[in-house]
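Have a look at the structure below, then the notes.
Numbers here simply count residues along the sequence, with the first being 1.
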Amino acid sequence: MKHLAAMLLLALPALAAQAACESGLAERMHAKLHPQRQLDGERAACKLWPAFPGRSIVVLPMPRPSPEPGVTAYDLEVLVIQRPDNGNTERDTIVSRLFEPAALTSDAIAVDDIRIDTARYTLAADTRAFGVRVRYRGSSRANPYASETLRLYAMKGVKLHKALDEIELDMDGGEWDTSCNGRFDQVRSTLSVARTTSEGYADLLVQRTRVENRAATQEGGECVEKTLPAQLRTYTLHYDGETYRVPKALRND
């Protein structure tokens, strides 16, 4: 069971290299928009948006004071930037932006990393979306936990809005006595765009696989592990005119 616990803690891949902002883009945008606020530069994310030549997506996480000890809330500034062909950074232009107060919370389950997902999320003929993925990680050895969530931001013309609130796609977690007895769950999900539509936007399909592992000490002191049959389920998310409705099973509560 010790081997399984270690594997689960390492199961979600490191994402920091993909999130790094080069050439100081995040710092410049932060200085322009929020000069009085602190920027969490480690978790700031930048990425070119291949769907729109010359455009980049930037996510600025800014910690805010919390009355609770050990708790950090983050405001998020999500930006779409048009960058000039000549590389003149002084001419970077904000095409659209969305400010989300207290969008993330880091406590016993900490915000480990943020990255931008530019997969082909075509929600309508004139609407493309991009994703923001957040990786969380717990610090308890007896209750190991790691997860990755996704939220989608739709770009329609120059207006940016959050079309899909945070859903949990991948999760590794469990509870054990740090010796043998316990159980671990592993969840892996994929999100795709369906052919059907609701209120003008394509439906979203989430295909989820859940696998549970159990372990117990048998007579003689041997630790025996058992993997239960995988549970497969598909969820269809429908747009209601403002956002996609998310079932409780997919929420990151």
Side-chain angles (χ1 to χ4, degrees), residues 8-30 33-34 38-52 54-63 72-81 83 92 94-100 102-106 109-123 128-138 145-155 160-173 187-193 204 206 208 244 246 250-252:
L8 287 176
L9 285 173
L10 297 173
L12 294 178
L15 305 173
Q18 299 182 37
C21 290
E22 299 177 357
S23 72
L25 178 58
E27 288 76 10
R28 290 196 302 276
M29 292 298 110
H30 171 255
L33 298 173
H34 303 282
Q38 177 188 352
L39 172 68
D40 188 332
E42 257 185 59
R43 293 170 178 81
C46 307
K47 190 174 183 180
L48 293 172
W49 195 356
F52 299 95
R55 287 190 181 180
S56 291
I57 300 162
V58 179
V59 178
L60 305 176
M62 293 171 288
T72 300
Y74 288 91
D75 297 338
L76 287 187
E77 182 80 71
V78 183
L79 305 166
V80 178
I81 309 295
R83 314 202 67 188
D92 288 341
I94 298 173
V95 176
S96 191
R97 58 185 285 201
L98 182 64
F99 181 78
E100 295 182 81
L104 303 175
T105 301
S106 187
I109 306 299
V111 175
D112 196 34
D113 192 57
I114 299 172
R115 70 180 172 113
I116 297 162
D117 178 358
T118 56
R120 196 179 294 272
Y121 298 116
T122 303
L123 305 183
R128 293 288 295 265
F130 60 85
V132 171
R133 291 178 179 257
V134 180
R135 185 187 186 197
Y136 297 88
R137 185 179 291 276
Y145 177 83
S147 77
E148 183 174 303
T149 66
L150 172 70
R151 56 187 81 192
L152 292 183
Y153 297 84
M155 189 78 182
L160 184 66
H161 75 282
K162 186 166 65 175
L164 175 66
D165 206 353
E166 188 173 42
I167 64 171
E168 186 175 70
L169 289 183
D170 296 342
M171 188 278 292
D172 292 286
V187 173
R188 293 292 180 267
S189 308
T190 60
L191 182 143
S192 59
V193 179
L204 300 176
V206 178
R208 167 169 286 205
Y244 282 94
V246 178
L250 297 180
R251 294 176 190 160
N252 185 38

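A salt bridge is absent between Asp113 and Arg135: the closest approach of a Lys/Arg side-chain nitrogen to an acidic carboxylate oxygen does not fall below 4.0 angstrom. Salt-bridge check for Asp172 with Arg188: passed, with a basic side-chain N closer than 4.0 Å to an acidic carboxylate O. Salt bridge annotation for Asp92-Arg28: present, with a cationic side-chain nitrogen under 4.0 angstrom from a carboxylate oxygen. Taking a cutoff of 4.0 Å between a charged side-chain nitrogen and a carboxylate oxygen, Glu148 and Arg133 qualify as a salt bridge.
Smallest separation of non-hydrogen atoms from Gly138 and Ile109: CA-CD1, 3.9 Å. For Gly131 against Leu150, the heavy-atom pair with the smallest separation is CA-CD1, 3.8 Å. In terms of heavy-atom proximity, Leu48 sits nearest to Thr118 at O-CG2, 3.8 Å. Minimum interatomic distance between Ile114 and Ala45 (heavy atoms only, all atoms of both residues): O-CB, 3.7 Å. Shown here for Leu39 and Ala44, the closest heavy-atom pair between the two residues is CD1-CB, 4.5 Å. Across every non-hydrogen atom of Leu25 and Ser56, the tightest pair is CD2-CB, 4.2 Å.
Taking CG of Leu104 as the start and CG of Asp75 as the end, the distance is 9.5 Å to the nearest 0.5 Å. We find the CG-CG distance between Leu160 and Leu79 to be 8.5 Å, quoted to the nearest 0.5 Å. Separating the CG atom in Leu98 from the CD atom in Glu100 is a distance of 5.0 Å, to the nearest 0.5 Å. The CG atom of Asp112 sits 7.0 Å away from the CZ atom of Arg43 when rounded to the nearest 0.5 Å. The CG atom of Leu204 sits 4.0 Å away from atom OH of Tyr244, with the distance rounded to the nearest 0.5 Å. Note: Leu164 CG to Tyr121 OH = 9.5 Å, rounded to the nearest 0.5 Å.
Between the side chain of Arg251 and the backbone N or O of Val246 there is at least one donor-acceptor pair closer than 3.5 Å. Judged by distance alone, with hydrogens and angles left aside, the side-chain atoms of Ser189 form a donor-acceptor pair with the main-chain N or O of Leu169 at under 3.5 Å.
For Asp165, the salt bridge (charged side-chain N to carboxylate O under 4.0 Å, His left out) criterion is met by Lys162, not counting sequence neighbours. Under the side chain to side chain donor-acceptor pair (under 3.5 Å) criterion, Glu77 pairs with His34, Arg97, sequence neighbours left out. Listed by chain and residue number, Pro63, Tyr74, Ser106 satisfy the side-chain contact (heavy atoms from CB on, under 4.5 Å) test with Thr72 (two or more places apart in sequence, or in another chain).
Using a 4.5 Å cut-off on side-chain heavy atoms (C-beta onward), Leu60 and Leu76 make no contact. Side-chain contact check for Val206 versus Ile167: some heavy-atom pair is nearer than 4.5 Å.
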Met155 vs Val95, side chain to side chain contact (heavy atoms under 4.5 Å, CB included): CA-CA, chis, key distance, verdict: CA-CA 10 Å; Met155 189 78 182; Val95 176; 3.7 Å; yes
Test log, rule side chain to side chain contact (heavy atoms under 4.5 Å, CB included), inputs Arg115 and Val132: CA-CA 6 Å; Arg115 70 180 172 113; Val132 171; over 6 Å; no
Worked check of side chain to side chain donor-acceptor pair (under 3.5 Å) between Glu166 and Thr149: CA-CA 6 Å; Glu166 188 173 42; Thr149 66; 2.7 Å; yes
Steps toward side chain to side chain contact (heavy atoms under 4.5 Å, CB included) verdict (Glu168, Val187): CA-CA 9 Å; Glu168 186 175 70; Val187 173; 5.8 Å; no
Side chain to side chain contact (heavy atoms under 4.5 Å, CB included) between Thr105 and Val111, worked out: CA-CA 7 Å; Thr105 301; Val111 175; over 6 Å; no
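Ring pair Trp49/Phe130 is perpendicular by interplanar angle, where above 60° counts as perpendicular and below 30° as parallel.
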